[in-house]
K.L.:
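Once you've had a glance at the structure underneath, I'll fire off some questions.
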Amino acid sequence: MAIALKDLNDVQRQAVTSAKKRILILAGAGSGKTRTLTYRIAHLINQKKVKPTEILAVTFTNKAANEMRARIAQLLNLEIKQLWIGTFHSIFARILRIEAEQLAVNRHFTIYDTDDQVNAIKKVMSSLNIAQQLHSPKMFQAKISQAKNRMQQPKDLERNTPDIFDNLLPEVFEKYNHFLRENNAVDFDDLLLLPIEVFDDHPAILEKYRKKFKHILIDEYQDTNKAQYSLVRRLVFDKNFIYVVGDEDQSIYRWRGADISNILNFNQDYPDAQIFRLEENYRSNSLILEGANGLVVHNRERLGKNLWTKKSKGEPITVLDSENENDEAKRIVEYIHNEIFTRKRSFKDIAILFRTNAQSRALEDELRRNALSYVVVGGVRFYERKEIKDVLAYLKIIANPLDGVSLRRIVNFPLRGIGDTTVNKIEKHAEALNISLLEGMGRVKEIATISSGMANRVTEFYELISKYRALSQEISAAELTSSLAHETGIISHLKNEYDQYESESRLENIYELFNSIEHFSREREKEGRDGSLIAFLEEVTLMSDIDSLDDSKNAITLMTLHSAKGLEFPVVFVTGLEMGLFPLQRNTAEPEELEEERRLLYVGMTRAEENLYLTYARSRRKYNTTVATVPSLFLDEIPAATIQLDLNQTSDRSQVKNRRQARREKIMDYFRQEDESQANDTPYTVGSMVYHETFGKGKIVKLEGHGEKMKISVRFEGNVSKKLIAQYANLTTLEISE
DNA sequence: CTTTATGGTTTTTTT
DNA sequence: AACCATAAAG
């Protein structure tokens, strides 16, 4: 039976049924891009008799992958277990485990999340004698990930730069990679880089996957980075079909290495490419769409499209101004009440979006005060909570005994009297014998400088881990975790160490973890897929914020604009439209960055079906001080005809105009000030040497603020640290001597 | 050696 | 809230 194509419009139908090998679909917001992709896959299987095993479909989140799998199954009326569908990271993690023999890691490798990566870097820094006070480990982590995103190796980085930090980077980078391999671990970026290496070193393996994946389909192509692009380029050969869908106006991951030119240059990479444009929007009322279109035309870097809708005008976009962030929250709640009581909306129809997670606090407080149910996506993520990470670290060391980062995390948690000094001694011993840290713990008695009492404690811990490693072969992952959490004393620790409220919530999280492991194994086994402990750990590490959103709950959704990509709601609030916050301060200087912020707002606005509110506050607490703010320049770029001011304030058109004029002047001032603070930049840089009359020679550790008010933290000889004000410090900068 | 208390610092967005 | 450095107590 053929699948029904009557639910598609003409362009969609052509795009679904095209026999061309290389296809690019430029799909505007709400134009049915997921639908097209879903039907395409169903069409291939049903009409073209393509086997599900021959299809590789890449989505941006795991949630999207699961939904797409379910919808295809529904269209075809059959289960399609063998279809490869998932994110780049999860798909290539799977391939890496299959091809692990070719690698410097084995198939039990652990995937380090950002937190683990920073811990690994700290270890590397201390082995290289680099002080963490001078150079932040997080900075190294960010720079290394950036380099990996650009597919740069340590040797590709410049070594003789004026910046001390940049000079250290290649060595830290090199050692960090080495450290990961020793611990049988990979980071997020390696999940893409290592398969490229495997493909390049073993043409036969690449050939195998080229033969297997006859059809490759990629969603959100505008947000692919260089490594992802390279993987696709390798996999797509003569006979392969490549089908990509994307929207350059919705590219919002430049900071993570996403390269918009991947989509802009698709027809240069594949000269015979057929291009479809999906320009009819089915989601938003026309005033909302007009407003969003009017905003995004201010971007230069785009292919340009004409997104239109048959829908009625609907209501204009409402701009709400308020005194401060608490007032902003109050106004939003007022309007939510209005939406709920007069317009008969339910909670789940409403989303509140923000630029930074920190903004959720004031909103949550106000929603709670008004007993409105809400869920927050992301923020402090479930699997990144301390108590969860501690239990997971036990599981990681059981799955991968070489994982030293996880081992260090739990060797003295709960406290068993094994401190840093002891662990360092064991590590040294283990390095000398060329064995892992865990094995070293098994042979702790060989170390003369460790007392027998201490050695006994270590041995006891080692045996505990050994016991559970053996048990892991016999009992289920869920049973293992529960038994472990009790026997190690984690449960009683959580009961005793916190106040009642805190301890209850942490224990609840632990029990939720048990449930999720059990659920995972059960589901996976039902589907005939890998339900092992390693598979669970992998899933958890690669899980995105939005993946854990339970949309069956009737609640208002709070999340960042990034998390909102791909979603839609009848009512949307986009908050904090102020210079420095949205666009974010550090993204206002470079035009490319400002364009990305603008796209981010475009994404936010196009989530709305019927009612869109844009809010800003005239002052906002930042860190510990309240600062006056300037409304975002984006508010002035949205066509005035699509906007109405606050319904609760009487205002006529001339007032709207006056306000616009006033805002424009403020924005000019904002940019002027930014320029000045840039121009005033002092000769000081972090890491450079300075001389002070009384304190002598020292190294700059940190700079805060600008110009004369800049605060300079200096570490002087003899380990004396001082915080100085640039204006009064009277510092002399010294030549850097190597 | 290890533990515990204290204070300071830290956040942009995420696989 | 989590993480560090530091100092003092056990």
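Computed over heavy atoms, backbone and side chain alike; hydrogens, waters and symmetry mates excluded. Residue numbers begin at 1 in each chain, while the letters A, B, ... track the order of the sequences.
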K.L.:
Where the side chain of H89(A) is concerned, which of dT3(B), dT15(B), dT14(B) is the nearest nucleotide?
P.N.:
dT15(B)
K.L.:
In chain order, what residues pass the side chain to side chain contact (heavy atoms under 4.5 Å, CB included) check against N183(A), with sequence neighbours excluded?
P.N.:
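By the side chain to side chain contact (heavy atoms under 4.5 Å, CB included) rule, N183(A) matches Y112(A), F179(A), A185(A).
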K.L.:
Dump the intermediate steps for side-chain contact (heavy atoms from CB on, under 4.5 Å) on V603(A) and I252(A), then the final yes or no.
P.N.:
CA-CA 9 Å; V603(A) 167; I252(A) 54 175; 4.1 Å; yes
K.L.:
Take the protein atom NE2 of H493(A) and the nucleotide atom C1' of dT3(B), then report the distance between them rounded to whole Å.
P.N.:
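Whole-Å distance recorded here is 13 Å.
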K.L.:
Identify, with sequence neighbours excluded, every residue that meets side chain to side chain contact (heavy atoms under 4.5 Å, CB included) alongside S127(A).
P.N.:
K175(A)
K.L.:
I want to verify a distance call: between dA2(C), dT11(B), dT14(B), whose nearest atom is closest to the K138(A) side chain?
P.N.:
dT11(B)
K.L.:
Working to the nearest 0.5 Å, report the span between CG of L581(A) and CD of Q359(A).
P.N.:
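Output value for this atom pair is 4.0 Å.
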K.L.:
Measure CZ/F354(A) against P/dT12(B) and give the value in whole Å, please.
P.N.:
15 Å
K.L.:
Between dT12(B), dC1(B), dT14(B), which one does the side chain of L584(A) approach most closely?
P.N.:
dT12(B)
K.L.:
Measure CZ/R254(A) against C1'/dT14(B) and give the value in whole Å, please.
P.N.:
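It is 16 Å, rounded to the nearest whole Å.
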K.L.:
Output the rounded distance in Å from CG (D115(A)) to P (dT15(B)).
P.N.:
15 Å
K.L.:
Write down the distance between NZ (K63(A)) and P (dT14(B)), rounded to a whole number of angstrom.
P.N.:
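After rounding, the reported distance stands at 16 Å.
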K.L.:
Give me the ring orientation class for W255(A) and Y253(A): parallel if the planes are under 30° apart, tilted from 30 to 60°, perpendicular past 60°.
P.N.:
tilted
K.L.:
Select base, sugar-phosphate, or nothing to describe what N412(A) touches, counting heavy atoms under 4.0 Å on all strands.
P.N.:
sugar-phosphate
K.L.:
Select base, sugar-phosphate, or nothing to describe what K148(A) touches, counting heavy atoms under 4.0 Å on all strands.
P.N.:
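No contact.
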K.L.:
Quick one: label T114(A) by what it contacts on the DNA or RNA (base, sugar-phosphate, nothing), any heavy atom closer than 4.0 Å.
P.N.:
base
K.L.:
Using a 4.5 Å cut-off on heavy atoms from C-beta on, say whether the side chain of D219(A) contacts that of F60(A).
P.N.:
no
K.L.:
Considering heavy-atom distances to DNA chain B, does L600(A) or M454(A) have its closest nucleotide positioned more toward the 5' end?
P.N.:
M454(A)
K.L.:
Give the nucleotide from the list dT12(B), dT15(B), dC3(C) with an atom nearest to the side chain of K122(A).
P.N.:
dC3(C)
K.L.:
For the side chain of F188(A), starting at C-beta, report the closest nucleotide among dT14(B), dT15(B), dC3(C).
P.N.:
dT15(B)
K.L.:
On DNA chain B, check which nucleotide each of G417(A) and E596(A) is closest to and give me the residue with the more 5' one.
P.N.:
G417(A)
K.L.:
Find the distance Q117(A):CD to dT14(B):P and express it as a whole number of Å.
P.N.:
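For the pair Q117(A) CD and dT14(B) P, the rounded distance is 15 Å.
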K.L.:
Whole angstroms only, please: what is the CD1-C1' distance between I418(A) and dT3(B)?
P.N.:
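It is 14 Å, rounded to the nearest whole Å.
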K.L.:
Categorize R361(A) for me: base, sugar-phosphate, or nothing, with a 4.0 angstrom heavy-atom threshold over every strand shown.
P.N.:
nothing
K.L.:
Which nucleotide, dT4(B), dA1(C), dT14(B), lies nearest any side-chain atom of R506(A)?
P.N.:
dA1(C)
K.L.:
If only side-chain N and O atoms of N357(A) are considered, is one of them under 4.0 Å from the OP1 or OP2 phosphate oxygen of dT14(B)?
P.N.:
yes
K.L.:
Would you mind telling me which of dT15(B), dA2(C), dT13(B) lies closest to the side-chain atoms of H562(A)?
P.N.:
dT13(B)
K.L.:
OP1, OP2 of dC1(B) versus side-chain N and O of K425(A): anything below 4.0 Å?
P.N.:
yes
K.L.:
Can you check the E597(A) CD to dT13(B) C1' distance for me, whole Å?
P.N.:
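Atom CD in E597(A) sits about 8 Å away from atom C1' in dT13(B).
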K.L.:
Would you tell me whether R408(A) and N424(A) have side-chain atoms, one donor and one acceptor, within less than 3.5 Å of each other?
P.N.:
yes
K.L.:
May I ask you to verify if any side-chain N or O of R409(A) is less than 4.0 angstrom from the OP1 or OP2 atom of dA2(C)?
P.N.:
no
K.L.:
Taking 5.5 Å and 30° as the limits, would you call W255(A) and the base of dT13(B) a stacked pair?
P.N.:
yes
K.L.:
Describe the nucleic acid contact of L191(A) in one word from base, sugar-phosphate, nothing, applying a heavy-atom distance below 4.0 Å.
P.N.:
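L191(A): no heavy atom of the nucleic acid under 4.0 Å.
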K.L.:
What nucleotide among dT14(B), dT12(B), dT15(B) has an atom nearest to a side-chain atom of T356(A)?
P.N.:
dT12(B)
K.L.:
Look at the side-chain N and O atoms of S563(A) and state whether any lies under 4.0 Å from the OP1 or OP2 oxygen of dT14(B).
P.N.:
yes
